Novice: 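Can you read through this structure? Questions will come right after.
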Amino acid sequence: QVQLVESGGGLVQAGGSLRLSCAASGTMRSIDAMGWYRQAPGKQRELVAAITGGAYTNYADAVQGRFTISRDNAKNTVYLQMSSLKPEDTAVYYCNTDYRTLYSNVRRQLWGQGTQVTVSS
């Protein structure tokens, strides 16, 4: 069974930093794009950053220049380094990945369980 396990959330003061990790486990043919989304109370889930298998990155305007997404393909892990955090970054952060199943080569999408990031002012 394929699953994503996230870690690294927590409470931090404004201006501080946190690093989120998300590891994919299970049997897959390949992992394509990986990304981070977030959902604040009363708001829709939104894309924070994404990275393709070829390391092309895409960021939301709100985090551009403050957050950095990276991945370790050998470990099937994606990271989100968050710096200069602001109270408005407070949300549950979800990892997401597109992968292909081992035998049928079907493309599927998977979500992590979410990790809380709280930035105090």
Side-chain angles (χ1 to χ4, degrees):
Q1 182 178 356
V2 179
Q3 62 177 350
L4 298 175
V5 178
E6 303 158 351
S7 61
L11 173 64
V12 65
Q13 288 189 332
S17 299
L18 280 176
R19 188 193 195 206
L20 304 183
S21 300
C22 173
S25 63
T27 304
M28 299 164 280
R29 177 183 294 264
S30 64
I31 295 177
D32 301 324
M34 302 185 82
W36 291 93
Y37 289 70
R38 68 186 181 187
Q39 187 167 20
K43 295 188 176 181
Q44 290 189 334
R45 190 172 298 188
E46 62 178 4
L47 174 68
V48 176
I51 184 167
T52 67
Y56 173 81
T57 58
N58 181 41
Y59 295 94
D61 290 343
V63 307
Q64 183 76 44
R66 299 187 298 121
F67 292 9
T68 301
I69 190 170
S70 61
R71 63 190 284 173
D72 184 334
N73 291 328
K75 296 181 179 180
N76 290 339
T77 299
V78 63
Y79 306 96
L80 185 68
Q81 178 66 48
M82 305 184 292
S83 303
S84 301
L85 282 160
K86 305 175 181 180
E88 51 264 43
D89 294 317
T90 296
V92 177
Y93 283 69
Y94 296 91
C95 178
N96 173 274
T97 186
D98 291 329
Y99 71 98
R100 291 190 177 273
T101 58
L102 179 62
Y103 298 110
S104 59
N105 199 28
V106 172
R107 185 178 179 183
R108 296 194 186 281
Q109 191 174 84
L110 188 65
W111 291 91
Q113 79 282 5
T115 185
Q116 177 70 46
V117 171
T118 302
V119 184
S120 63
S121 58

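Computed from a predicted structure; not experimentally measured.
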Novice: Residues in salt bridge (Lys or Arg N to Asp or Glu O under 4.0 Å) with Glu88, at least two apart?
Specialist: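 Salt bridge (Lys or Arg N to Asp or Glu O under 4.0 Å) list for Glu88, sorted by chain: empty.
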Novice: In Å and rounded to the nearest 0.5 Å, what is the CG to OH distance from Leu4 to Tyr99?
Specialist: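 Those atoms lie 9.0 Å apart.
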Novice: One pair to check against side-chain contact (heavy atoms from CB on, under 4.5 Å): Cys95 and Trp36. What are the steps and the verdict?
Specialist: CA-CA 5 Å; Cys95 178; Trp36 291 93; 4.0 Å; yes
Novice: Mind listing the closest non-hydrogen atom pair of Met34 and Thr97 along with its distance?
Specialist: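 Closest approach of Met34 to Thr97: CG-OG1, 3.5 Å.
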Novice: Which hydrophobic side chains are connected to Leu102, either touching it within the sub-4.5 Å cutoff or through other members that do?
Specialist: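 In the cluster with Leu102 are Tyr103.
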Novice: Decide whether Leu110 and Ile51 are clustered together by the hydrophobic rule: side chain heavy atoms of Ile, Leu, Val, Met, Phe, Trp, Tyr closer than 4.5 Å, transitively.
Specialist: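 They do share one cluster, since a chain of ILVMFWY contacts under 4.5 Å joins Leu110 to Ile51.
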Novice: Give me the atom names and distance for the closest heavy-atom approach of Leu20 to Met82.
Specialist: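 Scanning both residues completely, I find the closest heavy atoms to be CG-CE, 3.8 Å.
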Novice: Does Glu6 reach the main-chain N or O of Gly114 with its side chain, forming a donor-acceptor pair under 3.5 Å?
Specialist: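 It does hold such a pair.
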Novice: Pick out which of Leu11, Thr115, Val12 makes a side-chain contact (heavy atoms from CB on, under 4.5 Å) with Leu18.
Specialist: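 That would be Val12; it is the only one of Leu11, Thr115, Val12 passing the side-chain contact (heavy atoms from CB on, under 4.5 Å) with Leu18.
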Novice: Is it true that a side-chain atom of Tyr59 and a backbone atom of Ile69 form a donor plus acceptor pair closer than 3.5 Å?
Specialist: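 Answer holds: yes.
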Novice: Can you confirm whether Gln109 is buried at CD, in the sense that more than 12 heavy atoms of other residues, nucleotides or ligands lie under 6.0 Å from that atom?
Specialist: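 For Gln109, atom CD is crowded (more than 12 foreign heavy atoms under 6.0 Å).
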Novice: Do Asn58 and Leu47 have side chains that get closer than 4.5 Å, going by heavy atoms?
Specialist: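 Asn58 vs Leu47: side chains touch.
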Novice: How would you list, by chain and number, every residue that makes a salt bridge (Lys or Arg N to Asp or Glu O under 4.0 Å) with Arg66, sequence neighbours excluded?
Specialist: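 Once residues adjacent in sequence are excluded, the partners of Arg66 under the salt bridge (Lys or Arg N to Asp or Glu O under 4.0 Å) criterion are Asp89.
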Novice: Quick one: list whatever passes side chain to side chain donor-acceptor pair (under 3.5 Å) with Ser104, sequence neighbours left out.
Specialist: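 With neighbours one apart ignored, the set is Thr101.
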Novice: Treating Arg71 as the side-chain partner and Gly35 as the backbone partner, does any N or O pair qualify as donor plus acceptor under 3.5 Å?
Specialist: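 Here the side-chain-to-backbone pair does not exist.
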Novice: How far apart are the closest heavy atoms of Thr118 and Gln116, and which atoms are they?
Specialist: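 That would be OG1-NE2, 3.3 Å.
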Novice: Measure the spacing between CZ of Arg108 and CZ of Arg100 and express it to the nearest 0.5 Å.
Specialist: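 It is 11.5 Å, given to the nearest 0.5 Å.
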Novice: Partners of Tyr37 by ring pair (Phe, Tyr, Trp, His ring centres under 6.0 Å), sequence neighbours excluded?
Specialist: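 For Tyr37, the residues satisfying ring pair (Phe, Tyr, Trp, His ring centres under 6.0 Å) (neighbours in sequence not counted) are Trp111.
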Novice: Shortest non-hydrogen contact from Ala14 to Pro87?
Specialist: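 For Ala14 and Pro87, the tightest heavy-atom pair comes out as CB-CD, 4.1 Å.
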Novice: Taking the side chain from Thr90 and the backbone from Val119, do they hold a donor-acceptor pair closer than 3.5 Å?
Specialist: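 Side chain of Thr90 to backbone of Val119: a pair is present.
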Novice: With side chains defined as the heavy atoms from C-beta onward, is the minimum distance between Asp72 and Tyr79 less than 4.5 Å?
Specialist: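 With C-beta onward as the side chain, the pair touches.
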Novice: Looking only at side chains, do Tyr93 and Arg38 share a donor and an acceptor under 3.5 Å apart?
Specialist: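 There is such a pair between these side chains.
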Novice: Assigning hydrophobic clusters by single linkage (Ile, Leu, Val, Met, Phe, Trp, Tyr; side-chain heavy-atom cutoff under 4.5 Å), is Val92 placed with Leu85?
Specialist: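 Cluster IDs for Val92 and Leu85 differ.
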Novice: Just how far is it from atom NZ of Lys86 to atom OG of Ser121, taken to the nearest 0.5 Å?
Specialist: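 Going from NZ on Lys86 over to OG on Ser121, the span is 14.0 Å.
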Novice: Honestly curious: do Ile31 and Leu80 fall in one hydrophobic cluster under the side-chain, below-4.5 Å linking rule?
Specialist: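 Yes, Ile31 and Leu80 fall within the same hydrophobic cluster.
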Novice: Any side chain to side chain donor-acceptor pair (under 3.5 Å) pairs touching residues 25-34, not counting sequence neighbours?
Specialist: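 Found Arg29-Asn105.
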Novice: How many angstroms lie between atom OG1 of Thr68 and atom CZ of Arg19, to the nearest 0.5 angstrom?
Specialist: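 Reported to 0.5 Å precision, the distance equals 11.0 Å.
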